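Reading through the structure tokens given below for one structure.
Keep in mind that this is a model prediction, so the values were computed, not measured.
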Amino acid sequence: MNSSSPVLPQPDRNLGMELVRATEAAAIRSSLWVGKGDKLAADGAAVDAMRLFLGTVDFAGLVVIGEGEKDAAPMLFNGEVVGTGHGPACDIAVDPIDGTSLVANGRQNAISMIAAADRGSMLDASTVFYMNKIVTSSEGREVIDIRQSVARNILALAEAKGKPVSEMRIAVLDRPRHAGLIDEIRATGAGTQLLLDGDVAGGINAARPDSRIDMCIGQGGSPEGVATACAIKALGGVIQTMLLPQNDGERQRGLDAGLDFDRVYDADALVRSDNTYFVATGVTDGGLVRGVRRHGNTVHTESIILRSTSGTIRRISADHRADRWD
């Protein structure tokens, strides 16, 4: 070996490549319930599969945000310890299915996802289930402000991106609570992309530089907001959120937990670590990943792995033997 050759650092371990096995398993199991009208059965199948596979991953995972408490669904519960206990200590946010209603009704954009970061770095917003959110690509940095009007943010982002407002497309959950917001968006001349469910994928698509979506905005789940922040750190995008208690009791629980309802929680406040992972596998087809497909004895999955330290986006296309999943 030439003594003058540079010494290259040893490649570090990509935890996302192991976590994807858990999202693949959850997606495959829950895909059997697509269009069957039973979202709890789909969620239960996904939870069981994800918990089983997480138990084989060499890490010490602590579920900081587990989906399910707000709607009595099956869940990986907050405070649950997962993994073998060997390897890095991590906070994780899990949603075995982001979009259970989408799965039950056979609609697009349902994913299985896990977000991970260094232990103690994720905001624990479990006492407050909802937050206002705004997500954009990197052009929104120092431009958007969640405390300003929707029109102001759209116009400012359009200018920063060098696009006519008429070509801007804003993603928002299609909910009665957003009727006024949708009217405000359209009044600027911008178009909307209404999401039936799953604002995690909507936020990620808004941060992707190659996406048709320019902004994702509106009220959504706090767990999904923290998970989205892990992805946004890898994409270099922008996320701003403000917690939104639904009643006095929830507000008091949030205050007791040290949460600040006047604060704008950006990516660094939602996840204090710069070492984050976001992993998702499609259950049904969507703009982020394709859904599970079956061809004879083959089950095909498509996943995405986002990693902040390297700034990489990996797409994993995998074929699984169906008889191994019987």
Side-chain angles (χ1 to χ4, degrees), residues 37 39 67 70-73 95 97-111 125 128-137 140 143-158 161 163-207 211-228 232 237-251 254 261-262 264-265 284 286-288:
K39 68 177 186 178
E67 184 62 38
K70 67 186 176 201
D71 54 10
D95 199 343
I97 304 178
D98 182 33
T100 52
S101 294
L102 301 178
V103 174
N105 294 308
R107 291 174 173 153
Q108 293 190 334
N109 291 312
I111 61 173
V128 180
F129 291 139
Y130 291 98
M131 55 173 51
N132 282 316
K133 311 173 192 175
I134 182 169
V135 186
T136 74
S137 60
V143 171
I144 64 165
D145 185 342
I146 196 171
R147 295 163 296 192
Q148 299 295 321
S149 69
V150 176
R152 184 265 178 201
N153 281 310
I154 292 174
L155 295 173
L157 184 61
K161 299 185 81 165
K163 293 179 66 171
V165 173
S166 61
E167 294 182 9
M168 297 286 285
R169 184 170 296 176
I170 315 301
V172 60
L173 284 170
D174 189 6
R175 298 287 188 273
R177 65 178 181 267
H178 286 152
L181 175 62
I182 292 167
D183 288 342
E184 289 183 65
I185 293 169
R186 292 173 176 168
T188 68
T192 55
Q193 180 157 326
L194 301 183
L195 308 174
L196 291 173
D197 212 336
D199 65 342
V200 173
I204 293 172
N205 283 328
S211 174
R212 181 65 184 86
I213 296 175
D214 297 288
M215 178 187 295
C216 186
I217 194 168
Q219 299 174 16
S222 299
E224 291 86 349
V226 176
T228 301
I232 298 308
V238 179
I239 181 170
Q240 294 182 358
T241 69
M242 295 187 75
L243 293 164
L244 190 66
Q246 299 299 292
N247 51 56
D248 290 341
E250 192 173 70
R251 173 178 288 275
F261 297 110
D262 296 319
V264 175
Y265 287 90
T284 60
L288 185 63

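In this structure a side-chain-to-backbone donor-acceptor pair under 3.5 Å is missing from Thr100 to Lys39. Between the side chain of Thr284 and the main chain of Ala110, a donor-acceptor pair closer than 3.5 Å is present. The closest donor-acceptor contact from the side chain of Asp145 to the backbone of Arg147 lies under 3.5 Å. Put simply, the side chain of Glu250 gets close to the backbone of Gln246: a donor and an acceptor are under 3.5 Å apart. A donor-acceptor pair is defined here as one N or O able to donate and one able to accept, closer than 3.5 Å; such a pair exists between the side chain of Lys133 and the backbone of Gly221. A distance-only check finds no donor-acceptor pair linking the side chain of Gln219 to the backbone of Arg177 [under 3.5 Å].
Distance check, rounded to the nearest 0.5 Å: CD1 of Ile217 to CG of Asp199 gives 12.0 Å. Between the CG atom in Asn153 and the CD atom in Gln240 there is a gap of 7.5 Å [rounded to 0.5 Å]. Put simply, OG1 on Thr136 and CG on Asp214 are 9.5 Å apart, with the number rounded to the nearest 0.5 Å. The distance from the CD1 atom of Ile204 to the CD1 atom of Ile111 is 6.0 Å, given to the nearest 0.5 Å. The distance from atom CG of Asn132 to atom CG of Leu244, rounded to the nearest 0.5 Å, is 5.0 Å.
Of all non-hydrogen atoms in Ala206 and Cys216, the two that sit nearest each other are CB-N, 3.6 Å. The heavy-atom pair separating Ser137 from Val238 by the smallest distance is O-CG2, 3.7 Å. A pairwise comparison of heavy atoms in Val103 and Ile97 identifies CG2-CG2, 3.7 Å as the closest pair.
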For residues 187-197, which side-chain donor-acceptor pairs fall under 3.5 Å, sequence neighbours excluded?
| residue | atom | partner | partner atom | Å |
| --- | --- | --- | --- | --- |
| Thr188 | OG1 | Ile185 | O | 2.6 |
| Thr188 | OG1 | Ala190 | N | 3.2 |
| Thr192 | OG1 | Arg186 | NE | 3.2 |
| Thr192 | OG1 | Arg186 | NH2 | 3.0 |

